[in-house]
Amino acid sequence: MTIDVWKDIYEAKTKGRKGIAVLVDPDAFHIRETGILMQEALDAGVDYFFVGGSLMTTTHLSTCIQFLKQQSKIPVVLFPGGVSQIDSQADAFLLLSLISGRNPDLLIGKHVEAAPLLRAAGLQIIPTGYMIIDGGKPTTASYISNSAPIPADKPEIAAMTALAGEMLGFKTIYLDAGSGASRPVSSEMIQAVRRTVQTPIIVGGGIRTPQGAASAARAGADITVIGNVLESGSGKLHSFVEAVHSSSSQSSLSPS
Ligand code: 1GP
């Protein structure tokens with residue numbers, strides 16, 4: 001059964017319902033560990049699995065998505081690092097355009113290569129203005145993208161970049177400090193973007209505590225993404241989900 005992920009994201013945003021996504025790195029896919037994470041996600045009420053990575057060093061993507069789809073009803077959303085990360089088994093595809101950078105390949109080039117493959121795959125496409133924010137150290141995303149991140153203390157640059165992205169027609173804006181960032185995107189920056197655009201906002205990178213996840217949600221993130229912190233099998237997922245879900249309709253700025 002196909003899940004209308006965009007409808008779900010849009011309706012949640014409209015109702016002020018905050019969502020949480022778990023980033024699953026296909027390179028780290030193992031039936032046992034991924035199975036445990038998946039069961040924890042089901043029990044806790046995770047809203048989405050995001051699957052993908054800036055650099056993939058294995059060929060586990062398809063097996064990983066198949067496993068998640070067979071074992072759970074949580075929507076699987078591709079969060080691709082390249083054209084090779086297209087898989088028709090997923091429910092939706094974040095078509096990322098790196099609007100914080102000035103690398104033409106990641107603004108439009110790769111998308112031209114991907115377009116016929118995406119059409120053939122029949123995936124739901126969610127055009128996403130993707131913004132890399134300085135997270136205190138170089139991350140795989142910032143290195144591989146060959147682009148300068150937005151300085152962490154310049155919320156106005158983030159806000160105007162997001163506004164331009166919205167004007168260009170992107171349906172969501174993704175603020176990413178990069179997986180494993182030393183510091184997450186600040187509440188101040190999320191709030192500045194929230195005040196400026198109507199689109200759903202996705203925030204991730206370097207969020208390590210339930211409090212950090214709740215701060216992002218309250219500042220205006222409609223979907224908060226966590227990845228790294230779960231890789232050690234910490235058993236903490238439940239508290240992250242609770243922190244984000246209980247921030248629903250308590251944002252410091254009401255949803256527009
Ligand atoms: C990166 O938002 C994701 O794109 C997740 O980051 O792995 O640091 O949680 P972490």
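Order of listing sets the numbers, starting from 1, for every ligand and every atom in it.
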Novice: Do V225 and V203 come within less than 4.5 Å of each other through their side chains, counting heavy atoms only?
Specialist: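 No, side chains not in contact.
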Novice: Hey, can you tell me if Y174 and F50 have their rings parallel, tilted or perpendicular (30° and 60° cut-offs)?
Specialist: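 The rings of Y174 and F50 sit tilted, inter-plane angle from 30° to 60°.
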Novice: Considering distance alone, does some N or O of V229 sit under 3.5 Å from an N or O of ligand 1?
Specialist: no
Novice: Quick test: of every protein heavy atom, which one is nearest to atom 7 (O) of ligand 1, and how far off is it to 0.1 Å?
Specialist: S179 OG, 2.5 Å
Novice: Going by heavy atoms in the side chains, are V22 and L230 under 4.5 Å from each other?
Specialist: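 Yes, their side chains come closer than 4.5 Å.
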Novice: Please list, in number order, the atoms of ligand 1 under 4.0 Å from a heavy atom of F79.
Specialist: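 By the 4.0 Å cutoff, the relevant atoms are 4 (O).
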Novice: Output yes when the distance from some N or O of ligand 1 to some N or O of L23 is under 3.5 Å, and no in every other case.
Specialist: no
Novice: Quick check: does any side chain N or O of D222 sit under 3.5 Å from a backbone N or O of K18, one acting as donor and the other as acceptor?
Specialist: no
Novice: Is it the case that ligand 1 has an N or O less than 3.5 angstrom from some N or O of A181?
Specialist: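 Between A181 and ligand 1 (N or O atoms, distance only) the closest approach is not under 3.5 Å.
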Novice: Is the shortest N/O to N/O distance between G205 and ligand 1 below 3.5 Å?
Specialist: yes
Novice: So, is Y130 polar-close to ligand 1, with some N/O to N/O distance under 3.5 Å?
Specialist: no
Novice: Measure the CD1-CD1 distance between I150 and I133 for me, rounded to the nearest 0.5 Å.
Specialist: 4.5 Å
Novice: Counting from 1, what ligand 1 atoms have a heavy atom of D176 closer than 4.0 Å?
Specialist: 1 (C), 2 (O), 4 (O)
Novice: Indicate, as side chain, backbone, both or neither, the part of F50 found under 4.0 angstrom from ligand 1 when only non-hydrogen atoms are considered.
Specialist: neither
Novice: Counting from 1, what ligand 1 atoms have a heavy atom of I226 closer than 4.0 Å?
Specialist: 9 (O)
Novice: Check whether V51 and L117 end up in the same hydrophobic cluster, where Ile, Leu, Val, Met, Phe, Trp and Tyr are linked by side-chain heavy atoms less than 4.5 Å apart.
Specialist: yes
